[in-house]
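Scroll down for the structure; my scribbles are underneath it.
Side-chain atoms are counted along with the backbone in the values below, which use heavy atoms only and exclude waters and symmetry mates. These figures come from a predicted structure and were not determined experimentally. Residue numbers begin at 1 in each chain, while the letters A, B, ... track the order of the sequences.
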Amino acid sequence: MSAPEAFYVTTPIYYVNDSPHIGHAYTTLACDALARFMRLDGRRVRFLTGTDEHGQKVEKAAREAGLDPQRFTDQVSQRFRELLALMDFSADDFIRTTEARHKRAVQALWRRLVERGHIYLGKYAGWYSVRDESYYTESELVDGRAPTGAPVEWVEEPSYFFRLSAWQQPLLEFYARHPDFVLPPSRFNEVVSFVRGGLTDLSVSRTTFRWGIPVPDDPEHVIYVWLDALTNYISALGYPDTESELFRTFWPADLHVIGKDILRFHAVYWPAFLLAAGVEPPRRVFAHGWWTNEGQKISKSLGNVIDPHALVGTYGLDQTRYFLLREVPFGQDGDFRHEAMVRRINHDLANDYGNLAQRVLSMIARNCEGRVPQPGPLAAADEALLARAHALLPAVRDAMAEQALHRALELIWELVGEANRYVDAQAPWALRKSDPGRMRTVLWVLAETIRHIALLSLPFVPGAASRLLDQLAVAQEDRHFAALGPAGRPLAPGTALPAPRGVFPRWQEA
RNA sequence: GGCGGAGUAGCUCAGCGGUAGAGCAGCGGAAUCAUAAUCCGUAGGUCGGGGGUUCGAAUCCCUCCUCCGCUACCA
């Protein structure tokens, strides 16, 4: 028996100077659905998320809160942990950049880059904004302020630089060898064209604040944001111990899921750091889009930030998960609209999926003594529906392999539609008197189809799908994809079933 | 300014050389097992404008317009 194929998926680490919002929830949700899918598909999965806790803004916010930075980050990091419970995220590890394991990894990576001659000491000068934690060039300023409107001051400081300029060609060659390194393809084009335009060396240390990881052998400097933050993906695997079982199993990462705003750091800087350190770059970076709220850009000043707690509280967890993953092709921007949410809840979930299960399970409860019916010989229509059900896993697997989460759901719902059409065509309620044997066959075929739908929807709507599997009396140990298909674990006739209960209630406008 | 993407039915989009498609909305009908859910039928849109290639273009080429992303630059 061969070892299960590994799958390592990560969210970005979230900056603690912000409360969890729909963007964080969305990124983590996508990773969660992928991680759940891969686990059910028999792969050995590691799903990492965490928090980014260093930097001047955090230092300042802590001071304002009257706390030392560590206490402060302990508190705010907790809010991101709570998001995991709120949305039933199945992360295997949660990393914080203030942890010892991370500091050790970052300093080791730094030393390695120094040893290999990729880091040198220089001087950094420019217009600096504390608020943005960013330097601007003279030409970027607008009326003496940052493009963001933040005040700036002229700052000169000694700084260590990473020789990014030396990595233009190696990166371009790397991209050429890995045309799927960045998805969606349009983002890949942006990255390649950015690198083609030339790269300048990257400032990787600061002396203007203390809250960070000290530069080894030069404690006046603190390691600057990206070299610190990006390293989390390997520090969580125990870097620099690259010979450990953990590291060897899961690195290189299969997938970094990110928002499109941090694409450059993940698709240019990160592989450059790793190539320079002699570590293999990740296999893929997927940049997803942004949500607007009822057509409006989301911002704190507009006061239209979407709180995940509110979403889950209002619409329900499975409903929220389904909407976010189904409404918008993964990778594109999307618009969050109450009306659209209600349509998805009532049509896709309640009417199509929930009602399919309910009508079938009710008929079984009433006409088959509440037990999985015994099928007779299968007719062509039965074989056709079952064939569709059996073909679903490979199709969904292909969609998931390219992070087409919306497409995966679409495929599942195509089977839901087939099953509803089959119910109408076979009209088991009419067979009840005319041909009870045939009715039992039809209901068994439907129950078996619903089992496939429930198992395959488990990564997306885990709560409802589990409840549906309960109603089909599917044992816990049979809740994985190897149980699908004719060679899997079809429903055994005679198995007693619990009383059916709706899994997706309709939305009632208050 | 450069690079890339997009402009197709009311809305969201697929199609990417061979007589215009899906979902949603709308309209008409059937059914009644079910969460008043389901199923069937119904889309007459110059495929952004113009020009070209081709037996034939939404689909290739040129050009113009509009929108979006990335990037650069300017006194």
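- Checking B:U59 for Watson-Crick or G-U wobble geometry (two distances, each under 3.5 Å) identifies no partner in any strand.
- Salt bridge present: A:Asp318 and A:Arg467 bring a charged side-chain N and a carboxylate O closer than 4.0 Å.
- As rounded to the nearest Å, B:C73 and B:G15 have P atoms that lie 36 Å from one another.
- With rounding to whole Å, A:Phe265 atom CZ is found 12 Å from B:C70 atom P.
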Steps toward ring-ring contact (aromatic ring centres under 6.0 Å, His included) verdict (A:Tyr233, A:Tyr8): CA-CA 10 Å; A:Tyr233 301 129; A:Tyr8 182 32; 7.7 Å; no
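- Judged by Watson-Crick or G-U wobble contacts below 3.5 Å, the nucleotide B:A31 has no partner.
- Pairing for B:U42 goes to B:G26, judged as Watson-Crick or G-U wobble with the two contacts each under 3.5 Å.
- Side-chain contact, A:Asn367 with A:Arg440: no donor N or O sits under 3.5 Å from an acceptor N or O.
- Across the C1' atoms, B:U42 and B:A25 are found 14 Å apart, a figure rounded to whole Å.
- At a cut-off of 3.5 Å, with distance as the only test, a side-chain donor of A:Gln403 or A:Arg284 sits close to an acceptor on the other residue.
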A:Thr292 vs A:Asp335, side chain to side chain contact (heavy atoms under 4.5 Å, CB included): CA-CA, chis, key distance, verdict: CA-CA 5 Å; A:Thr292 50; A:Asp335 185 26; 2.8 Å; yes
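- Under the 30°/60° scheme for interplanar angles, the aromatic rings of A:Phe286 and A:Phe330 are found to lie parallel.
- Checking A:Tyr315, A:Tyr26, A:Phe336 one by one against A:Phe323, the ring pair (Phe, Tyr, Trp, His ring centres under 6.0 Å) holds for a single residue, A:Phe336.
- Under a 3.5 Å cut-off, the side chain of A:Gln168 and the backbone N or O of A:Val195 do form a donor-acceptor pair.
- Aromatic ring orientation, A:Phe273 versus A:Trp270: perpendicular (interplanar angle above 60°, classes split at 30° and 60°).
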Identify the pairs formed between an N or O of the protein and an N or O of nucleotides 39-41 of chain B at a distance under 3.5 Å, and give each distance.
unit_1, atom_1, unit_2, atom_2, d
B:C39, O4', A:Asp424, OD2, 2.9

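- Across residues 178-195 of chain A, A:Arg187, A:Asn189, A:Glu190, A:Phe194 each have a non-hydrogen atom less than 4.0 Å from an atom of RNA chain B (numbered order).
- Look at CD on A:Glu414: it is 12 Å from P on B:C24, rounded to the nearest Å.
- Distances shorter than 4.0 Å separate none of the side-chain N or O atoms of A:Arg501 from OP1 or OP2 on B:U35.
- Atoms CG (A:Leu468) and P (B:U35) sit 15 Å apart, rounded to a whole Å.
- For A:Asn351, the listed nucleotide lying nearest its side chain is B:U38; candidates were B:C24, B:U38, B:U71.
- The pair A:Arg407-A:Asp398 does not meet the salt-bridge criterion, since no charged nitrogen lies less than 4.0 angstrom from a carboxylate oxygen.
- Using modelled atom types, one finds a donor on one side chain and an acceptor on the other under 3.5 Å when comparing A:Tyr14 with A:Thr28.
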Check the interface with nucleotides 66-68 of chain B: list each N/O to N/O pair with the protein under 3.5 Å, or write none.
none

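- Taking the P atoms as reference points, B:C60 lies 15 Å from B:G4, given to the whole Å.
- When distances are taken from the side chain of A:Arg264 to each of B:A31, B:C70, B:C13, the shortest belongs to B:C70.
- Rounded to whole Å, the separation between the P atoms of B:C3 and B:C64 comes to 13 Å.
- A cation-pi arrangement is not found for A:Arg326 relative to A:Phe460, the charged atom failing to lie both closer than 6.0 Å to the ring centre and inside a 45° cone about the ring normal.
- Side-chain atoms of A:Asn355 lie closest to B:U38 of the nucleotides B:A31, B:C13, B:U38.
- Nucleic acid contact for A:Arg343: sugar-phosphate only, since backbone atoms but no base atoms lie under 4.0 Å from a heavy atom of the residue.
- Figure legend. B:A37 is base-paired to no nucleotide; pairs are counted as Watson-Crick or G-U wobble with both atom distances under 3.5 Å.
- At B:A37, one or more side-chain N or O atoms of A:Arg506 fall inside 4.0 Å of OP1 or OP2 (strictly under the cut-off).
- Look at CD on A:Glu327: it is 12 Å from P on B:U12, rounded to the nearest Å.
- Going from the P atom of B:G48 to that of B:A58 covers 10 Å, rounded to whole Å.
- Between A:His452 and A:His390, the ring-plane angle classifies as tilted under the 30° and 60° cut-offs.
- With the nearest nucleotide of RNA chain B identified for both A:Met363 and A:Asn346, A:Met363 has the one nearer the 5' end.
- In this structure, A:Glu339 atom CD and B:G10 atom C1' are separated by 13 Å, rounded to whole Å.
- Rounded to the nearest Å, the gap between the C1' atom of B:C61 and that of B:C67 is 23 Å.
- Two residues, A:Arg337 and A:Ala350, neighbour RNA chain B, and the one matched to the more 5' nucleotide by heavy-atom proximity is A:Arg337.
- Separation of the C1' atoms belonging to B:A37 and B:C47 is 36 Å when rounded to the nearest angstrom.
- Per the geometry, NE2 belonging to A:His347 stands 18 Å off P belonging to B:U12, to the nearest Å.
- Remark: B:C67 base-pairs with B:G5; criterion is Watson-Crick or G-U wobble with both hydrogen-bond distances under 3.5 Å.
- At the heavy-atom level, A:Gly502 lies under 4.0 Å from base atoms of the strands shown.
- Annotation: B:A14 and B:C24 have their C1' atoms spaced 14 Å apart (nearest Å).
- At whole-Å resolution of the value, CD1 in A:Ile450 and P in B:U35 are 14 Å apart.
- To the nearest angstrom, P of B:A34 lies 12 Å from CG of A:Leu443.
- With 3.5 Å as the limit, one finds a donor-acceptor pair spanning the side chains of A:Tyr353 and A:Ser457.
- Neither OP1 nor OP2 of B:C13 sits under 4.0 Å from any side-chain N or O of A:His406.
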